[in-house]
Amino acid sequence: MNKNSSNTMALAPNTSNKRETVCIFGTGDFGRALGHKMIQSGYPVVYGSRSTQISNLIPKDAEVLSHAEAAQKAAIIIIAIQRQHYNFLTPLAEVLRGKVLVDISNNLKLNQYPESNAEYLAQLLPGSKVVKAFNTVSAWALQSGTLDASRQVFVCGDDVEAKQMVMNIVRALGLTPLDKGSLLAAQEIENYPLQLFPMWKFPIFLSLGLTAFFFFYCVVLDIIYTYIYEKNNFSFFIAITIPNRVCPVMALILLALVYLPGIFAAIIQLYRGTKYRRFPDWLDKWMLCRKQLGLIALAFASLHVVFTLVTPLRAFASWRTGKGIISQALNNKTEPLDHTNAWLSDSYLALGILGFFLFVLLGITSLPSVSNNVNWREFRFVQSKLGYLALILCTAHTLVYGGKWFLSPSAYKWYLPNIYILSLIVPCAVLVVKFVLIFPCVDKPLTQIRQGWERNPKYSE
Amino acid sequence: MNKNSSNTMALAPNTSNKRETVCIFGTGDFGRALGHKMIQSGYPVVYGSRSTQISNLIPKDAEVLSHAEAAQKAAIIIIAIQRQHYNFLTPLAEVLRGKVLVDISNNLKLNQYPESNAEYLAQLLPGSKVVKAFNTVSAWALQSGTLDASRQVFVCGDDVEAKQMVMNIVRALGLTPLDKGSLLAAQEIENYPLQLFPMWKFPIFLSLGLTAFFFFYCVVLDIIYTYIYEKNNFSFFIAITIPNRVCPVMALILLALVYLPGIFAAIIQLYRGTKYRRFPDWLDKWMLCRKQLGLIALAFASLHVVFTLVTPLRAFASWRTGKGIISQALNNKTEPLDHTNAWLSDSYLALGILGFFLFVLLGITSLPSVSNNVNWREFRFVQSKLGYLALILCTAHTLVYGGKWFLSPSAYKWYLPNIYILSLIVPCAVLVVKFVLIFPCVDKPLTQIRQGWERNPKYSE
Amino acid sequence: MNKNSSNTMALAPNTSNKRETVCIFGTGDFGRALGHKMIQSGYPVVYGSRSTQISNLIPKDAEVLSHAEAAQKAAIIIIAIQRQHYNFLTPLAEVLRGKVLVDISNNLKLNQYPESNAEYLAQLLPGSKVVKAFNTVSAWALQSGTLDASRQVFVCGDDVEAKQMVMNIVRALGLTPLDKGSLLAAQEIENYPLQLFPMWKFPIFLSLGLTAFFFFYCVVLDIIYTYIYEKNNFSFFIAITIPNRVCPVMALILLALVYLPGIFAAIIQLYRGTKYRRFPDWLDKWMLCRKQLGLIALAFASLHVVFTLVTPLRAFASWRTGKGIISQALNNKTEPLDHTNAWLSDSYLALGILGFFLFVLLGITSLPSVSNNVNWREFRFVQSKLGYLALILCTAHTLVYGGKWFLSPSAYKWYLPNIYILSLIVPCAVLVVKFVLIFPCVDKPLTQIRQGWERNPKYSE
């Protein structure tokens with residue numbers, strides 16, 4: 001950076017201590033909202049418009065001129081026009097030469113056009129410096145200025161200086177600019193505000209489907225069966241008892257599903273003898289949503305914990321406790337402590353608590369701010385070592401609790417297995433295969449493959 | 001950036017592999033702390049001082065010279081002097097020409113001077129490159145180097161290269177620089193360390209006031225009334241029973257207060273027929289502290305959950321349970337299960353658990369690192385859709401629990417309504433009005449207004 | 001920045017709308033993984049290799065040439081070679097002049113060489129622009145592209161423009177670049193991926209040791225003593241009862257250990273009469289791991305809360321409750337409510353809940369994203385004021401609970417004090433000394449010292 005240029009740049013705002021004029025092309029909703037906000041922040045704003053008459057919608061302190069006149073007054077021009085009207089800018093190419101054009105446009109759906117709007121603008125006006133910005137902010141949020149999510153403004157552009165100027169405006173409006181690099185990033189930035197939790201869709205639909213299935217399974221076995229064969233109406237089980245049966249089952253299965261793709265990947269790599277071939281698509285997608293699966297599992301586990309802890313507060317529970325005690329009292333005897341039972345109940349609870357504790361730890365580590373402060377080795381240690389430990393503890397918790405039902409015929413109402421038995425299939429399979437994979441005779445070739453070794457080099461061609 | 005300049009810049013630290021000398025003007029506490037830290041990090045430090053004698057307070061390895069001599073030795077000069085003494089720098093203007101001056105000063109109160117100290121310094125010495133930095137770090141934290149909050153150093157300045165040099169020093173000291181743009185941001189940076197949770201003040205005072213009111217309301221109705229009319233001393237209710245009555249009430253009211261300003265805003269916009277006029281000041285302020293209100297509501301809700309869950313551990317609860325069971329046993333009968341009661345108790349608990357679950361989800365989404373990873377559409381979905389769902393569930397939870405008391409005359413001790421009835425006023429009002437606003441005949445014009453349409457365009461002038 | 005250079009820079013990607021060619025020296029695992037990923041992201045990749053024959057390991061779309069030929073095709077050359085082979089690059093110095101060299105190497109242990117690999121490379125090839133990057137990313141993560149922790153790529157280098165080019169590539173690969181300043185930061189960046197929770201080691205070992213000690217202490221007193229003298233087998237206490245005795249003790253002691261070094265520091269400063277001398281090493285290290293100690297204390301406290309809340313679900317607890325009630329029923333009497341007991345039980349629970357609530361608040365504030373949004377004054381307020389309040393509440397909670405045992409001889413089995421008594425020593429000592437330090441006659445000189453005043457200026461020399 002040579003002396004002269006840096007001086008002119010530095011002194012311009014210094015000497016006047018005033019914001020430079022900003023020009024806005026287009027008087028639509030977003031153009032007006034941005035103009036309002038900029039005037040509030042001390043920027044002189046001049047609008048470029050075809051008609052200079054519709055002034056009463058426009059902020060009072062702004063000037064309205066023709067496009068050419070307005071553009072000449074400012075070094076930065078915000079293009080608040082829809083993409084289909086961009087070609088009307090080509091006659092203005094000479095006026096816009098060397099100016100910073102800020103593309104703020106959004107599309108209606110993902111990847112609507114072959115190239116991003118900002119790149120299209122840059123192609124139309126090769127003499128101008130195009131910067132993509134502000135598209136992730138909503139007009140409503142700008143005006144009310146309250147929503148937190150809209151604070152971040154992604155900025156990209158090929159000219160570093162132009163990007164700096166736009167980022168200074170972003171900061172002056174109280175927003176946080178985030179440099180996303182060259183104009184090639186515009187496509188991604190334009191797609192960003194159209195997304196609605198794209199990574200969460202599959203995990204959420206999967207867990208909704210499984211939850212619905214297990215819920216009706218439990219309703220059939222616990223309420224309908226009991227009503228038909230035992231004439232007991234336990235319909236109120238729908239509120240707490242059955243959710244508290246479905247939640248732990250979902251948590252355990254989803255947690256196992258987090259570690260299952262890693263098992264598949266290891267088997268595929270061992271079979272192929274190389275890591276240099278892509279996994280099948282379904283496995284790739286599955287591996288990409290492991291974090292989401294794990295967090296949903298954690299949500300189910302947390303619900304299970306709270307549902308369990310409120311048990312003593314339930315009218316049903318206190319009625320059952322009372323009944324048991326009264327029947328003892330009426331029989332004039334006190335039952336001695338059943339030590340086996342005490343051991344089982346305590347160890348089942350303790351295993352659950354420790355498993356849940358590790359599970360919460362995993363959840364905290366996947367908070368973006370925490371995982372950013374952790375290096376790859378540490379992240380792997382927590383997510384892999386502690387994760388498997390959590391899976392082992394939670395599976396053991398379920399085994400101790402539900403174990404007694406495996407062999408009892410009363411657990412097979414209508415020849416259907418109890419929900420606990422179903423919930424143990426996936427986690428046990430994962431743990432058994434993982435145990436095999438840890439054996440040195442399997443682990444050694446796998447480690448070699450992952451370090452780049454190939455069993456059969458020609459295979460990869 | 002031309003070749004030569006970038007090379008000189010790049011090679012300077014490369015060839016010597018040593019830190020460049022830094023000059024510090026002023027030997028006060030912060031100047032010395034910074035000097036200590038810089039010497040530790042490998043920077044040669046030279047102090048500029050009026051007297052070169054007071055050397056024993058200054059770090060051993062630092063040189064002490066006159067201001068002019070010291071300034072000549074370094075490209076970066078840290079001005080550790082108070083603003084009122086800045087004018088003594090004007091005779092040195094020639095020596096300081098082209099140098100980077102780092103303004104580290106703080107004021108004693110918000111907006112103490114018309115312009116920021118850094119801008120004032122830049123006006124006094126127009127030939128120097130002023131950078132604002134280090135003012136958010138405390139001398140004590142620099143010396144002990146332990147407190148996390150002080151890691152971030154806000155940097156601003158008009159000269160990009162000068163800013164880079166300062167940011168490199170910041171990084172070398174183990175701190176994290178944060179570019180805040182041009183020197184115009186200096187005012188904000190100087191105000192920053194003086195704040196003490198400015199956004200939290202109103203929500204905290206409001207909730208303290210309401211808590212105190214409801215607490216005494218409960219003490220009067222539950223303890224004093226019972227003592228006078230039933231001769232029962234339940235003073236120990238102060239520890240758990242009454243807090244567990246006040247907490248849910250506070251949580252519900254505060255959660256409703258989060259959504260009330262949005263309702264007001266919609267009504268005002270519908271009435272005015274435009275969104276281009278500012279809301280009244282109180283509404284603007286209220287909308288800006290919604291996040292804080294919501295988090296305080298979440299804190300009360302969490303306390304309510306824990307207070308509820310410890311119930312079975314209380315001596316009072318086990319005494320009451322025992323009394324109930326013994327009276328049944330002495331009457332030689334077992335009461336059958338009351339199905340209505342079981343339904344009510346279970347559904348009340350389940351509604352509460354689900355409401356709290358959504359509430360916690362809202363809380364997690366408002367963690368800065370999570371909300372930064374979420375776009376505006378996703379944030380709105382969570383905070384608006386899930387937020388209203390949480391409000392509905394929590395209101396239903398309260399209605400099912402407290403519903404039986406509405407018509408019971410025993411709930412109106414001293415003609416005062418029960419606290420549950422009071423807590424339902426605001427949330428029910430919010431939900432009813434929101435329900436009306438959702439009707440298409442109301443929703444359609446509102447959506448149009450929010451997209452920029454105006455019913456009466458002249459109105460806005 | 002002059003016009004010409006910025007234009008050539010800006011237009012290059014604009015006109016072609018294609019990624020520039022990247023050259024990779026070395027065909028090892030990481031070189032291939034990076035090449036694969038770059039080709040996927042649209043970069044033409046050319047490998048520089050001694051032998052151009054081993055092509056079947058290399059991504060199909062990549063060219064393989066000799067080092068000199070490959071280097072000429074690209075402006076950016078990634079050096080995927082181990083440090084000990086760097087000297088073979090010196091003959092290529094002329095070809096590499098002005099090129100951007102990206103050092104991606106890692107070492108096997110911390111501080112293996114006197115200077116960082118990147119600085120060594122820059123010394124070997126003074127005409128090239130060396131940038132350190134990508135070393136924190138693992139080859140495995142690049143290929144599978146799923147692990148969150150590896151998203152951040154630390155970048156440092158002396159040439160700003162070269163750094164920008166590398167950061168653009170990083171962004172294009174879907175990773176997040178983080179500018180760490182000049183090449184001096186390379187040492188730190190190279191050490192980063194080798195760490196495994198370095199700040200956590202001491203706190204974790206300390207708490208494991210203490211936990212083991214207290215666990216066996218409890219086993220001896222609660223199980224073995226009871227078995228020998230009372231012939232009762234309470235071995236199932238190992239699962240819940242004893243952990244729930246050890247956890248609160250650990251939480252309280254560790255929380256007190258967070259505040260103890262601050263007390264020591266104040267005493268040392270008062271004694272020395274200056275803050276300008278370094279603390280002893282052990283105190284410095286201790287102060288640096290206070291956050292970790294606090295978080296481990298919070299983990300123990302959370303476990304204590306859950307262990308306590310599951311109490312009513314235990315078979316042992318319901319057996320004990322039943323026994324108590326039945327004995328009353330058989331004696332045909334109902335015991336009246338013991339008001340003292342109700343007060344003690346409720347206030348002990350309430351103190352615990354409030355203390356835990358503040359504790360969780362402290363934990364949330366130490367999340368990186370929250371503490372970054374808080375200034376020094378606010379952080380100090382939360383961590384110091386609220387932290388001491390939490391310590392006071394937790395100590396009071398323990399005192400109210402365990403107080404009755406102090407004077408009871410049955411608490412001294414085998415002349416050993418009960419674990420509660422042991423747990424109170426450190427927190428009470430901290431609170432008492434802190435109380436003394438708050439007295440104006442002590443606080444005033446301490447504040448002066450911390451503001452830079454010295455009692456005995458010569459002392460510091």
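Bear in mind the structure is a predicted one, so any value in this text is a computation, not a measurement. In what follows, chains are A, B, ... by sequence order, proteins preceding strands, each numbered from 1.
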message: To check you understand the geometry: which heavy-atom pair defines the closest contact between C:A329 and B:L330, and what is its length?
response: O-CD2, 3.7 Å

- prompt: How long is the gap from OG on C:S345 to CZ on B:F236, to the nearest 0.5 Å?
  reply: 8.5 Å

- request: Drop me the distance from B:Q152's CD to C:S371's OG, to the nearest 0.5 angstrom.
  value: 8.0 Å

- request: Compare all side-chain heavy atoms of B:P198 with those of C:E378 and state whether any distance is below 4.5 angstrom.
  value: yes

- request: Against chain B, label C:L367 side chain, backbone, both or neither, depending on which of its atoms sit under 4.5 Å from a heavy atom there.
  value: side chain

Close side-chain approach of C:F356 to B:L303, heavy-atom, < 4.5 Å: no

field: Per-residue contacts, residues 239-246 of chain B versus chain C, heavy atoms under 4.5 Å
entry: B:A239, B:I240

From NE2 (C:H339) to CG (B:N233), nearest 0.5 Å: 5.0 Å

query: Any idea which heavy atoms bring C:W343 and B:S235 closest together, and the distance?
result: NE1-OG, 3.1 Å

- request: Identify which part of C:T365 has an atom lying under 4.5 Å from any heavy atom of chain B, answering side chain, backbone, both or neither.
  value: neither

side-chain hydrogen bond (donor to acceptor under 3.5 Å, both in side chains) against B:Q328, all qualifying residues, sequence neighbours excluded: none

query: Got more than 12 heavy atoms from elsewhere within 6.0 Å of CD, C:Q448?
result: yes

message: Could you report the tightest heavy-atom contact between B:W319 and C:L337, atom names first, then the distance?
response: NE1-N, 3.1 Å

task: Side chain from CB out, backbone as N, CA, C, O: work out which of these in B:F307 comes under 4.5 Å of a heavy atom of chain C, or both, or neither.
output: both

- prompt: Where do B:R314 and C:L349 come nearest, in terms of heavy atoms and distance?
  reply: CG-CD1, 3.7 Å

- prompt: Of all of B:P177, B:P193, B:G322, B:A172, which one pairs up most often with chain C through heavy atoms under 4.5 Å apart?
  reply: B:P193

task: For the residue pair B:L313 and C:P312, establish whether any side-chain heavy-atom pair is separated by less than 4.5 Å.
output: yes

message: Could you work out, with ring pair (Phe, Tyr, Trp, His ring centres under 6.0 Å) as the rule, every residue matching C:Y259, not counting sequence neighbours?
response: C:Y388

- prompt: Which answer fits C:P368, side chain, backbone, both or neither, if we ask what part of it has an atom under 4.5 Å from a heavy atom of chain B?
  reply: neither

query: When B:V310 is tested against each of C:L309, C:D346, C:T311 for side chain to side chain contact (heavy atoms under 4.5 Å, CB included), which residue passes?
result: C:L309

Structural part of B:A317 lying under 4.5 Å from a heavy atom of chain C: neither

task: Mind checking ring pair (Phe, Tyr, Trp, His ring centres under 6.0 Å) for C:H397 and listing every partner two or more places apart, or none if nothing turns up?
output: C:Y348

message: Let's test your reading of the structure: which of C:I353, C:V360, C:I325 forms the most heavy-atom pairs below 4.5 Å with chain B?
response: C:I353

- request: Could you tell me which portion of C:A185 (side chain, backbone, both or neither) has an atom closer than 4.5 angstrom to a non-hydrogen atom of chain B?
  value: neither

- request: Please lay out, stage by stage, how C:D338 and B:F316 fare under the test side-chain contact (heavy atoms from CB on, under 4.5 Å).
  value: CA-CA 8 Å; C:D338 177 349; B:F316 174 65; over 6 Å; no

field: Most chain C-contacting option - heavy-atom pairs closer than 4.5 Å, from B:V370, B:N168, B:I326
entry: B:I326

query: Nearest 0.5 Å, what's the CD1-OG distance between B:I169 and C:S182?
result: 10.5 Å

field: Segment of B:R171 engaging chain C (4.5 angstrom heavy-atom cut-off)
entry: side chain

